[in-house]
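What follows is one structure encoded as structure tokens, with my remarks underneath.
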There are 2 protein chains.
Amino acid sequence: MSRILIIEDEEAIADLEKDYLELSEFEVEIENAGDTGLARALEGDFDLVILDLMLPGADGFEVCKKIREEKNIPILMVSAKKDDIDKIRGLGLGADDYMTKPFSPSELVARVKAHLTRYDRLTGTHNKENDIVEIRGIRIDKTARRVYIDGEEKNFTTKEFDLLTFLAENPNHVYTKEELFREIWDMDSIGDIATVTVHIKKIREKIEFDTAKPQYIETIWGVGYRFKV
Amino acid sequence: MSRILIIEDEEAIADLEKDYLELSEFEVEIENAGDTGLARALEGDFDLVILDLMLPGADGFEVCKKIREEKNIPILMVSAKKDDIDKIRGLGLGADDYMTKPFSPSELVARVKAHLTRYDRLTGTHNKENDIVEIRGIRIDKTARRVYIDGEEKNFTTKEFDLLTFLAENPNHVYTKEELFREIWDMDSIGDIATVTVHIKKIREKIEFDTAKPQYIETIWGVGYRFKV
DNA sequence: TTAAACTTTTAATATTTTGTAAATAATAAA
DNA sequence: TTTATTATTTACAAAATATTAAAAGTTTAA
């Protein structure tokens with residue numbers, strides 16, 4: 001599950017937040033000062049930070065900026081003053097969200113979840129762990145070397161699998177047959193790039209609704225192929 | 001420069017949003033119905049979508065979900081009802097932010113900027129070499145070999161693409177047909193120059209509003225052609 | 001070891017792009 | 001205005017490139 005760091009000097013608030021987050025299966029740690037909180041955030045392996053602006057030991061703005069310089073994880077700023085929101089924004093600290101006290105714990109949990117979901121989506125952390133490529137209804141499980149087209153598993157040979165995976169992992173990029181050949185086949189292997197064409201056809205037969213009008217792997221006449229997204 | 005799609009049926013609101021966003025140098029397009037908006041979002045090359053929940057032609061929830069299935073770009077939901085926020089969250093549609101009407105335009109702009117910044121940070125878009133040529137409403141994606149005229153994709157053959165790209169990358173420079181021929185066809189021999197003329201015509205048919213009065217590729221009589229800027 | 005599965009090569013066919021040529025239009029110079 | 005020069009446009013044939021099917025090799029697994 002996800003690990004969350006709360007940097008907050010008011011113990012009661014920190015504990016309340018922790019309790020609610022733990023109810024949602026999060027793993028939570030608390031630091032009660034700015035300097036220690038910053039150190040912990042940089043050193044620890046957290047997925048999200050909840051950072052109070054008013055802190056002993058360091059300026060909250062500064063802490064936020066420093067974390068952002070090192071980490072891309074979501075930072076949720078908390079402040080008692082509504083005016084601070086504009087300030088945070090204006091300074092371009094890289095905070096992801098702002099909440100003014102008092103706020104409901106469920107609101108906090110909802111926001112935390114939303115940020116984690118987005119972070120996973122954009123960085124692909126979630127998928128990378130399982131080595132899954134998912135794009136336009138095509139799911140490629142790289143570890144198991146399985147391909148699902150609209151949920152249905154289809155069999156792919158080694159070369160077909162590698163070629164499709166490479167294209168799906170680099171969508172919207174036109175590759176020449178030579179480039180694809182070099183990528184999938186061994187660098188030094190001498191061969192005719194015509195085999196790329198044949199494999200593209202085989203893949204199309206398995207993933208396209210109408211092979212004559214490919215919706216996934218497009219032909220860029222005179223150049224090469226492109227996985228359309 | 002980022003491209004933003006507004007899906008909103010109230011024209012006054014859409015125009016207001018557009019004006020403010022354009023003041024911040026964004027490129028903005030408006031769709032006033034759900035179905036057309038969805039189609040545009042999926043087909044077009046946008047960096048962010050602002051989506052009104054109450055729409056004719058389709059359910060706003062549905063539109064959001066469909067966009068998210070295909071694209072990872074930030075989606076900013078707008079609604080008149082405050083209760084909708086919880087609903088959006090609960091349904092897990094993948095929206096990135098929610099605003100209730102009425103809201104201040106500057107607030108909108110601030111949020112849009114924040115989302116785009118985060119998106120760039122997490123996807124690393126800004127790190128990747130952007131081989132995108134953008135000039136006077138013409139966007140050329142060299143990696144994908146795609147051309148958008150006022151946001152709409154048009155098909156270009158290899159020679160057309162190369163020729164247009166070369167001219168667009170070197171605007172305001174007059175090239176003789178011989179120079180263009182040597183550049184695109186890369187032959188040392190003086191071949192038949194007439195083919196350049198024909199290709200210029202083909203390109204003009206795709207990019208010019210009125211082929212007889214070219215606004216992009218000008219003819220410099222007796223000399224050659226120039227991409228006007 | 002053999003059969004099946006996979007990969008590569010080959011060649012015929014289909015498709016798209018490109019170059020050419022000829023007619024027409026526009027411009028500059030006489 | 002007339003003429004010579006240069007550009008535009010059109011249509012079509014030729015060239016280039018992609019698709020497809022099938023045969024020939026190659027590898028893999030029983």
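Sequence lines set the chain letters: A, B, ... in the order given, protein chains first and strands last, and positions in each chain run from 1.
- A:Arg111 is listed as a side-chain neighbour of B:Arg89, based on a closest heavy-atom distance under 4.5 Å.
- Panel note: side chain B:Arg68, backbone B:Ile73; a donor-acceptor pair is recorded below 3.5 Å.
- In this structure, the side-chain contact (heavy atoms from CB on, under 4.5 Å) partners of A:Ile135, at least two apart in sequence or on a different chain, are A:Ala168, A:Pro171, A:Phe227, A:Val229.
- With sequence neighbours excluded, the residues forming a side-chain hydrogen bond (donor to acceptor under 3.5 Å, both in side chains) with A:Asn72 are B:Arg121, listed by chain and number.
- By the side-chain contact (heavy atoms from CB on, under 4.5 Å) test, B:Thr36 pairs with B:Glu31, B:Ala33, sequence neighbours left out.
- To the nearest angstrom, C1' of C:dT9 lies 15 Å from NZ of A:Lys177.
- In this structure, B:Arg145 places its CZ atom 12 Å from P of C:dT17, rounding to the nearest Å.
- Atoms NZ (A:Lys201) and C1' (C:dA14) sit 13 Å apart, rounded to a whole Å.
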Can I get a per-line list of side-chain donor-acceptor pairs under 3.5 Å for residues 214-222 of chain B, giving both atom names and the distance, sequence neighbours left out?
unit_1, atom_1, unit_2, atom_2, d
B:Gln215, NE2, B:Lys213, O, 3.1
B:Tyr216, OH, B:Arg136, O, 3.1
B:Glu218, OE1, B:Arg226, NE, 3.1
B:Glu218, OE1, B:Arg226, NH2, 3.0
B:Thr219, OG1, B:Arg204, NH2, 2.7

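- Remark: B:Phe166 pairs with B:Tyr175 by the ring-ring contact (aromatic ring centres under 6.0 Å, His included) rule, at least two apart or across chains.
- Judged as a ring-ring contact (aromatic ring centres under 6.0 Å, His included), and not counting sequence neighbours, B:His115 has no contacts.
- Shown here are the side-chain contact (heavy atoms from CB on, under 4.5 Å) partners of A:Val109, two or more places apart in sequence or in another chain: A:Tyr20, A:Leu21, A:Ser24, A:Lys113.
- If you walk DNA chain D from 5' to 3' and mark each nucleotide with an atom closer than 4.0 Å to a heavy atom of chain A, the marks span D:dT17 to D:dA21.
- With the end axes of the helix from C:dT1-D:dA30 to C:dA30-D:dT1 each set by five pairs, the angle from one to the other reads 30° at 10° resolution.
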What pairs of nitrogen or oxygen atoms, one from the protein and one from nucleotides 2-8 of chain C, lie under 3.5 Å apart?
unit_1, atom_1, unit_2, atom_2, d
C:dT7, OP1, A:Lys159, N, 3.1
C:dT7, OP2, A:Thr157, OG1, 2.4
C:dT8, OP1, A:Trp185, NE1, 2.9
C:dT8, OP2, A:Trp185, NE1, 2.9
C:dT8, OP2, A:Thr195, OG1, 3.3

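- Remark: A:Arg139 pairs with A:Ile132, A:Glu134, A:Tyr148 by the side-chain contact (heavy atoms from CB on, under 4.5 Å) rule, at least two apart or across chains.
- Side-chain contact annotation: B:Arg146 with A:Asn172, donor-acceptor N/O pair under 3.5 Å present.
- Using a 4.0 Å cutoff on non-hydrogen atoms, the parts of residues 216-229 of chain B near DNA chain C are B:Trp221, ordered by number.
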- For B:Lys206 and B:Lys202, run side-chain contact (heavy atoms from CB on, under 4.5 Å): C-alpha distance rounded to whole Å, both residues' side-chain angles, the deciding distance at 0.1 Å, then the answer. CA-CA 7 Å; B:Lys206 292 173 187 180; B:Lys202 296 268 175 65; 5.5 Å; no
